[in-house]
Amino acid sequence: MHASALSKKLIPWQQKKGRHDLPWQQDPTPYRVWVSEIMLQQTQVETVKAYYLRFMQHLPRLQDLAASSEETVLQLWTGLGYYARARHLHRAAQIITDQWGGVIPADLEMLMALPGIGRSTAGAILSLGMKKSAVILDGNVKRVLSRVYAIAAWPGDSKIEQQLWALAHTHTPKTNAPIYNQALMDLGATVCTRRSPQCSVCPLRTICLAYRQQQQAHIPYPKPKRTLPLVEGFMLVLWHEKNNAVLLEKRPAPGIWGGLWCFPECRAPGLSLSADLPKNTRYIATKAALHHTFSHYRWHIRPVIVRATHLTLPKTCQQPNVIWYPLDGTIPLALAAVVRKFLKISIPVDNAAQE
DNA sequence: CATACGTGGAA
DNA sequence: TTTCCAAGTAT
């Protein structure tokens, strides 16, 4: 297949049928493209939109991000998941400010040296944000190339991924690379979808080997499945009724919910939590387990409800990473989504009643 | 190279 | 309800 075969078909298609109204496509500066690319890692476009708009409203420029606190960035990220992305983004902004005078480098290796930016994201920033010719290989591109070349394998396999990178390099044009890259992602998102691809309207159907072989529904192969381990545990819900506050603990990074505020967690012996409680608390109940599935394990967590009469801290929790969190929301904190859900369901928050 | 890292939507 | 997985990177 000729190296320009894809770009010749995709560039006109993008201009006619591609997406042009995504929030990060308006005023696509390097900073705006960078933030969008980080948010879009392993996260669907529809989910990202609202987070992106809110983020840009609060931190419209690189210097705003660099000058903000990690807590602020995590608050804006709460609910999106993969919170290392937010911590890395924040750290990278400070590196760019301190070392390069606030200018995002237009260089692949320099971009990749920044936390949170890998090869594909660096290519996207160079291409979409700086209008340079650079190669991307995200999930969409992997799927499109796998089908065009009828690569009957799982794209995550390192050998296959190498092959896909080589193909991606071959087909990326010197001119109009930004449009070409956007076309690949638009095609993957709207036509060459994982399930039920719309081959009848695909600009590549005449050259797509998977289509020629009628294998588009079977290519690429799915990720090999494995049984997720079950992790069981308890979380301490220490509630001060008079002040309407709960005890929260800032989670360490790295780790799940790193940097976010959660209920203190305990793995095996649920009662050791209450055994360490101060005198002026009263055990209420251990509730039914909440079920939560992460990408790599299932989690059954049983809330241990304890009432506190004083705003003192349990002995095991007397650290600077512990706080009494007022449920009226007067103190904005970055809470994990599962914690927000629990608070909403289980503890009456008198906000809507007053409106 | 394998695993850790979130969440919500779709089927 | 269960399963899959979406604009990946770090370690």
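Below, chains carry the letters A, B, ... as their sequence lines are ordered, and counting in each starts from 1.
Of the residues in residues 216-227 of chain A, those placing a heavy atom less than 4.0 Å from an atom of DNA chain C are A:Pro222, A:Lys225, in numerical order. Of the residues in residues 74-99 of chain A, those lying under 4.0 Å from DNA chain B by heavy-atom distance are A:Gly79, A:Leu80, A:Gly81, A:Tyr82, A:Tyr83. A heavy atom closer than 4.0 Å to some atom of DNA chain C occurs in A:Arg19, A:Leu22, A:Trp24, these being the qualifying members of residues 5-29 of chain A.
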Can you pull every protein N or O that's under 3.5 Å from an N or O on nucleotides 9-11 of chain B?
none

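Contacts of A:Pro115 with the nucleic acid, taken as non-hydrogen atoms under 4.0 Å apart, involve only primed sugar atoms and P, OP1 or OP2. Here A:Thr293 lies in heavy-atom contact (under 4.0 Å) with a base. Residue contacts for A:Val45: at a heavy-atom cut-off of 4.0 Å it reaches a base atom on one of the strands shown. A:Ser295 comes within contact range of at least one nucleobase, with a heavy-atom separation under 4.0 Å.
Summarising the local packing, NZ of A:Lys17 is surrounded by 12 or fewer heavy atoms from other residues, nucleotides or ligands at distances under 6.0 Å. Around atom CZ of A:Arg119, no more than 12 heavy atoms belonging to other residues, nucleotides or ligands sit under 6.0 Å away.
Between the A:Ser7 side chain and the A:Ser4 main chain, a donor and an acceptor come within less than 3.5 Å of each other. Checking side-chain atoms of A:Arg32 against main-chain N and O of A:Pro23 turns up a donor-acceptor pair under 3.5 Å. Side chain of A:Arg19 to main chain of A:Ala189: no donor-acceptor pair is present (N/O by atom type, distance under 3.5 Å, no hydrogens or angles). A donor-acceptor pair under 3.5 Å is absent between the side-chain atoms of A:Thr72 and the main chain of A:Ser68, judged by distance alone.
Taking 4.0 Å as the cut-off between side-chain N and carboxylate O, A:Glu71 and A:Lys250 count as a salt-bridged pair. For A:Glu265 and A:Arg251, the salt-bridge test passes: some basic side-chain N is under 4.0 Å from an acidic carboxylate O. At a threshold of 4.0 Å, the pair A:Arg87-A:Glu70 does not count as salt-bridged, since none of the basic side-chain nitrogens sits closer than that to a carboxylate oxygen.
A:Met39 has its CE atom 14 Å from the C1' atom of B:dT7, to the nearest Å. For A:Glu161 and B:dA2, the CD to C1' distance is 13 Å, given to the nearest whole Å. Atom CZ of A:Arg298 is separated from atom C1' of B:dT7 by 17 Å (rounded to the nearest Å). For the pair A:His292 NE2 and B:dC5 P, the interatomic distance rounds to 13 Å; values are reported in whole Å. Rounded to whole angstrom, the span from the CG atom of A:Leu335 across to the P atom of B:dG6 amounts to 15 Å.
Contact annotation: A:His296 reaches the phosphate of B:dC5 (side-chain N/O to OP1 or OP2, under 4.0 Å).
Taking the six-membered ring for Trp and thresholds of 30 and 60 degrees, A:His300 and A:His291 have nearly parallel ring planes, at less than 30 degrees apart. Between A:Phe294 and A:His296, the two ring planes are tilted [angle within 30° to 60°].
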Point to revise | Steps toward side-chain contact (heavy atoms from CB on, under 4.5 Å) verdict (A:Val48, A:Phe55) | key: CA-CA 10 Å; A:Val48 167; A:Phe55 191 99; over 6 Å; no
**Study point:** side-chain contact (heavy atoms from CB on, under 4.5 Å) assessment of A:Leu238 paired with A:Val246
**Key:** CA-CA 5 Å; A:Leu238 191 55; A:Val246 291; over 6 Å; no
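Proximity of A:Trp100 to A:Met110: side-chain heavy atoms (C-beta onward) are separated by under 4.5 Å at one or more points.
A:Leu248 contributes atom CG, which lies 10.0 Å from atom CE of A:Met235 (distance to the nearest 0.5 angstrom). A:Leu327 CG to A:Trp239 CH2: the interatomic distance, rounded to the nearest 0.5 Å, is 8.5 Å.
Nucleotides C:dA7 and B:dA2 have their C1' atoms positioned 23 Å apart, rounded to a whole Å. Across the P atoms, C:dT3 and B:dG6 are found 22 Å apart, a figure rounded to whole Å.
Residues forming a side chain to side chain donor-acceptor pair (under 3.5 Å) with A:Tyr149 (at least two apart in sequence, or on another chain): A:His171.
Heavy-atom nearest nucleotides on DNA chain C were determined for A:Phe294 and for A:Trp165, and the one closer to the 5' end corresponds to A:Phe294.
Along DNA chain C, the stretch of nucleotides lying under 4.0 Å from any heavy atom of chain A spans, 5' to 3', C:dC4 to C:dA10.
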